[in-house]
Amino acid sequence: RLAEVQNLCIQHNKQLVTYLSMAFGNPYGDEWSPHIVAHWSEKLLNEFGIKILSLSDTIGTSNRENITWLFEKLINEFPDVEFGAHLHTNPASWEEKIESAINSGCVRFDSALRGYGGCPMADDQLMGNMATENPITYLNKKNIKHGLNLEAFNEAMQIAMKIFP
């Protein structure tokens, strides 16, 4: 199926973004390790010509160590691939996760306004999507250029506050 979707993207001049949904842990008790994630990442990149791969933490088990290990390994091995992070987090751990990913060379981040959404398999009720305001705060604090339209973002936040008070 991935090959079919990749071919459609190529035919229509689109770029496929591929996600590994349990890149930082497996809630089902199946065997998991960063080495397994690296193996499947390499397979996807080599066999299908994927150019954007997002490593996803669907249950909030990512940490400084496994974020750093995976992104450094893969970015060094595949410098022509854009790696992204879809990190679930709680209010206490978001900054170390963003910092680890950025320091390891990750330049693409998924997030959700106010952190809404998440995975029902996460053990922690406070665990959810990375709030969009967190990486923006981090980037601004570190004076990292991001090119985001902060006026539009602030408007979106106002709408989100009305929808999700």
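Rounded to the nearest 0.5 Å, atoms CG (Asn103) and CZ (Arg64) are 8.5 Å apart. Atoms CG and NE2, from Leu139 and His146 in turn, are 5.5 Å apart once rounded to the nearest 0.5 Å. Of the inter-residue distances, the one linking Leu113 atom CG with Thr132 atom OG1 reads 4.5 Å to the nearest 0.5 angstrom. Distance check, rounded to the nearest 0.5 Å: CD of Glu72 to CG of Leu74 gives 10.5 Å. One finds the CG atom of Leu8 at 9.5 Å from the CD1 atom of Ile10 (value rounded to the nearest 0.5 Å).
By the criterion of side-chain heavy atoms lying less than 4.5 angstrom apart, applied directly or through intervening Ile, Leu, Val, Met, Phe, Trp or Tyr residues, Ile102 is not grouped with Ile136; the two fall into different hydrophobic clusters. Both Tyr138 and Ile67 are part of a single hydrophobic cluster, where members link through side-chain heavy atoms under 4.5 Å apart. Both Ile75 and Phe109 are part of a single hydrophobic cluster, where members link through side-chain heavy atoms under 4.5 Å apart. Note: the hydrophobic cluster containing Ile159 does not contain Leu148 (ILVMFWY, side chain heavy atoms under 4.5 Å, direct or indirect links). Under the 4.5 Å side-chain heavy-atom criterion for ILVMFWY residues, a single connected hydrophobic cluster contains both Leu2 and Phe78.
Using a 4.5 Å heavy-atom threshold, the side chains of Leu53 and Leu44 count as touching. At least one side-chain heavy atom of Ile36 sits under 4.5 Å from a side-chain heavy atom of Glu31. At least one side-chain heavy atom of Met157 sits under 4.5 Å from a side-chain heavy atom of Arg114. Proximity of Asp57 to Lys97: side-chain heavy atoms (C-beta onward) are separated by under 4.5 Å at one or more points. Between Ser54 and Arg108, every side-chain heavy-atom pair lies at or beyond the 4.5 Å cut-off. Side chains of Leu45 and Phe83 form a contact here, defined as non-hydrogen atoms less than 4.5 Å apart. When side chains are defined from C-beta on, Glu99 counts as touching Lys142, because their heavy atoms get closer than 4.5 Å. Residues Ile98 and Asn134 form no side-chain contact, since every pair of their non-hydrogen atoms from C-beta on lies 4.5 Å or further apart.
With hydrogens and angles disregarded, no donor-acceptor distance shorter than 3.5 Å links the side chain of His86 to the backbone of Asp110. A donor-acceptor pair is defined here as one N or O able to donate and one able to accept, closer than 3.5 Å; no such pair exists between the side chain of Ser56 and the backbone of Ser21. No donor-acceptor distance shorter than 3.5 angstrom exists from the side chain of Asn7 to the backbone of Glu4, with no hydrogens or angles considered. Using a distance-only test at 3.5 Å, with no hydrogens or angles considered, no donor-acceptor pair links the side chain of His12 to the main chain of Lys14.
Nearest heavy-atom pair, Gln6 versus Phe48, reported as atom, atom and distance to 0.1 Å: NE2-O, 3.1 Å. Here the shortest heavy-atom pairing between Ser62 and Leu87 reads OG-CD2, 3.9 Å. Nearest heavy-atom pair, Ile50 versus Val81, reported as atom, atom and distance to 0.1 Å: O-CG2, 3.9 Å. Contact record, Leu20 with Ser41: CD1-OG, 3.1 Å, taken as the closest heavy-atom pair. Of all heavy-atom pairs spanning Leu55 and Ala23, the tightest one is CB-CB, 3.8 Å. Of all non-hydrogen atoms in Trp32 and Met22, the two that sit nearest each other are NE1-O, 3.2 Å.
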Stepwise side-chain contact (heavy atoms from CB on, under 4.5 Å) test for Lys73 and Glu42: CA-CA 11 Å; Lys73 176 177 179 35; Glu42 292 165 4; 3.6 Å; yes

In sequence, state the C-alpha distance, the side-chain angles, and the governing distance for His88 and Ile59, and then conclude on side-chain contact (heavy atoms from CB on, under 4.5 Å). CA-CA 6 Å; His88 287 205; Ile59 56 170; over 6 Å; no

Check step by step if ring pair (Phe, Tyr, Trp, His ring centres under 6.0 Å) holds for Trp69 and His35. CA-CA 10 Å; Trp69 192 91; His35 299 283; 4.7 Å; yes

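The salt bridge (charged side-chain N to carboxylate O under 4.0 Å, His left out) analysis of residues 20-30, with sequence neighbours excluded, yields no pairs.
Note: Phe24 and Phe71 have tilted aromatic rings, judged against thresholds of 30 and 60 degrees for the angle between ring planes.
Under the 3.5 Å distance criterion, with hydrogens and angles disregarded, a donor-acceptor pair is assigned to the side chains of Asn90 and Ser93.
A salt bridge links Glu95 to Lys141: at least one charged side-chain nitrogen sits closer than 4.0 Å to a carboxylate oxygen.
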